[in-house]
Asks: 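Got a structure here, written out as structure tokens. Questions coming.
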Amino acid sequence: MLLGYQARFVLAVVGLAVSQASISSTIEGVRTWSEQGKTRVVLDLSGPADHRLFMLDDPQRIVIDLPNTVLARQFKYGDSSGLVQRIRTGERPDNTSRIVLDVAQSVKSQSFLLPPGADQGHRLVVDLSPASGRRAEIRAPGAGDPRGRDLVIAIDAGHGGKDPGASGKNGVREKEVVMQIARRLAAALEAQPGFRPMLVRNSDAFVSLRERTQRARAAEADFFVSIHADAYRDSSARGATVYVLSEKGASDEAGRRLAQRENDADLIGGVSLADQASDIATVILDITQNAAISASVSAAEAILEGVGSVTRLRKTEVQQAGFVVLKAPDIPSVLIETAYLSNPREEAALRSSDHQAKLARAISDGIVAYFFENPPPGSYLAMHPEVVPRGPMHHSVSRGETLSQIAERYRISLARLISSNKLRNDRIRIGQVLTIPRG
Ligand SMILES: [Zn+2]
């Protein structure tokens with residue numbers, strides 16, 4: 001049967017090239033296993049084959065196209081299992097075989113080829129897992145709390161314990177000031193409707209980088225913000241910097257996490273994931289992470305705006321970096337270098353409670369602004385569009401913004417925005433800091 005191509009693509013996964021693309025191969029059959037909510041599908045092949053895997057909607061299904069292959073005359077269909085409700089096959093005139101897996105819910109997939117093993121031939125393995133895991137089940141809109149869930153913001157004070165971080169000439173230590181700013185940030189977020197801050201560390205304790213993201217995951221954090229202060233040998237270096245995870249970093253971490261998962265899950269159905277080429281795995285994982293990375297960038301821009309209204313910025317753009325602590329690809333994450341402790345003036349400012357409070361409020365403003373604009377489904381913010389942030393916020397005008405856009409963004413009237421800033425008209429300039437009234 002020839003299957004239609006007209007359906008909408010929801011996810012395109014990169015085609016995986018193998019060395020002998022022209023060799024035709026027979027697909028002998030398909031086998032399935034399910035374990036712990038995951039399903040593994042294995043296509044038995046007479047030789048290596050290219051494949052292309054993508055997902056289609058309505059009904060949800062995964063399509064695997066294998067060019068230059070034929071289906072065996074006695075093709076062995078596996079049973080439906082776990083996430084796979086039905087297996088269908090088709091052949092196209094250009095010698096592309098198509099395998100369709102009907103799935104009951106949206107799934108994530110990983111696919112890779114395995115060379116012949118002890119008593120098995122070439123195989124194409126497709127691993128399926130629920131698209132958003134546990135979180136989606138608990139947090140599906142309307143499924144649980146009619147009030148909507150609070151957004152969990154993981155606040156990570158950098159360093160701690162035996163790791164003091166940077167220090168200034170006058171004795172200010174990074175691990176101490178960032179803890180103070182983190183606590184102030186938690187207090188600021190606590191005051192906002194729909195937010196629940198959690199401190200990744202709340203004492204002068206050493207916490208490994210890996211453990212930090214694990215704690216955030218365990219709390220089902222919606223956002224991860226790591227707070228630091230910089231040092232540089234040149235004491236004139238100054239200003240704050242906001243970072244998000246770079247894709248390079250994501251790839252490395254993705255590879256590492258995948259490796260770990262492979263070892264944990266080890267085997268479903270007798271084939272080890274360890275056989276696969278790691279770059280294939282990272283390409284696929286990169287795709288799944290893009291959403292979290294782009295959310296990170298948007299949130300980081302909002303934070304940068306807030307921070308820029310209270311302190312000098314070293315870089316006026318969000319920076320990308322591969323910090324280990326940021327490598328939690330399923331949680332949008334931002335790292336803030338609040339200032340340079342190696343700069344005596346910034347060291348003095350960072351120790352002052354007034355400046356700490358301003359910074360904390362600015363970071364909070366950025367996070368709050370981001371989530372009011374992008375409320376996740378099922379969240380309190382999404383389910384209560386009438387709610388506005390509490391307390392005055394500040395907005396630093398960026399290029400191309402208009403007053404009415406800003407008013408809309410903060411869910412207030414244009415008239416109120418004008419009057420609370422004592423503006424004579426609706427003209428604003430880039431960098432101008434506006435007070436956003438509340439309540
Ligand atoms: Zn640091």
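First listed ligand is number 1; within each ligand, the first listed atom is number 1. All of these numbers come straight from a predicted model, not from anything done at the bench.
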Asks: Of all residues at least two apart in sequence or in a different chain, which pass the side chain to side chain donor-acceptor pair (under 3.5 Å) check with Ser236?
Replies: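 Per chain and number, Ser236 pairs via side chain to side chain donor-acceptor pair (under 3.5 Å) with Asp234.
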Asks: Show all protein N/O/S atoms under 2.8 Å from the Zn ion (ligand 1), or state that there are none.
Replies: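 Protein N/O/S atoms under 2.8 Å of the Zn ion (ligand 1): His159 NE2, Glu174 OE2, His228 ND1.
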Asks: Can you name the nearest heavy-atom pair linking Val307 to Leu313, along with the distance?
Replies: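 Of all heavy-atom pairs spanning Val307 and Leu313, the closest is CG1-CD2, 4.1 Å.
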Asks: With no hydrogens and no angle check, do the side chains of Thr435 and Ser420 hold a donor and an acceptor under 3.5 Å apart?
Replies: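 Ser420 and Thr435 do not have a side-chain donor-acceptor pair below 3.5 Å.
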Asks: Test: salt bridge (Lys or Arg N to Asp or Glu O under 4.0 Å). Region: residues 175-191. Which pairs qualify, not counting sequence neighbours?
Replies: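 Sorted result for residues 175-191: Arg173-Glu176, Lys175-Asp204.
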Asks: Where the side chain of Gln432 meets the backbone of Arg429, is there a donor-acceptor pair that is under 3.5 Å apart?
Replies: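 Side chain of Gln432 to backbone of Arg429, a donor-acceptor pair under 3.5 Å: yes, one is there.
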Asks: For residues 359-373, tabulate all N or O donor-acceptor pairs below 3.5 Å that involve a side-chain atom, not counting sequence neighbours.
Replies:
from, atom 1, to, atom 2, distance (Å)
Asp365, OD2, His394, N, 3.2
Glu373, OE1, Arg409, NE, 3.0

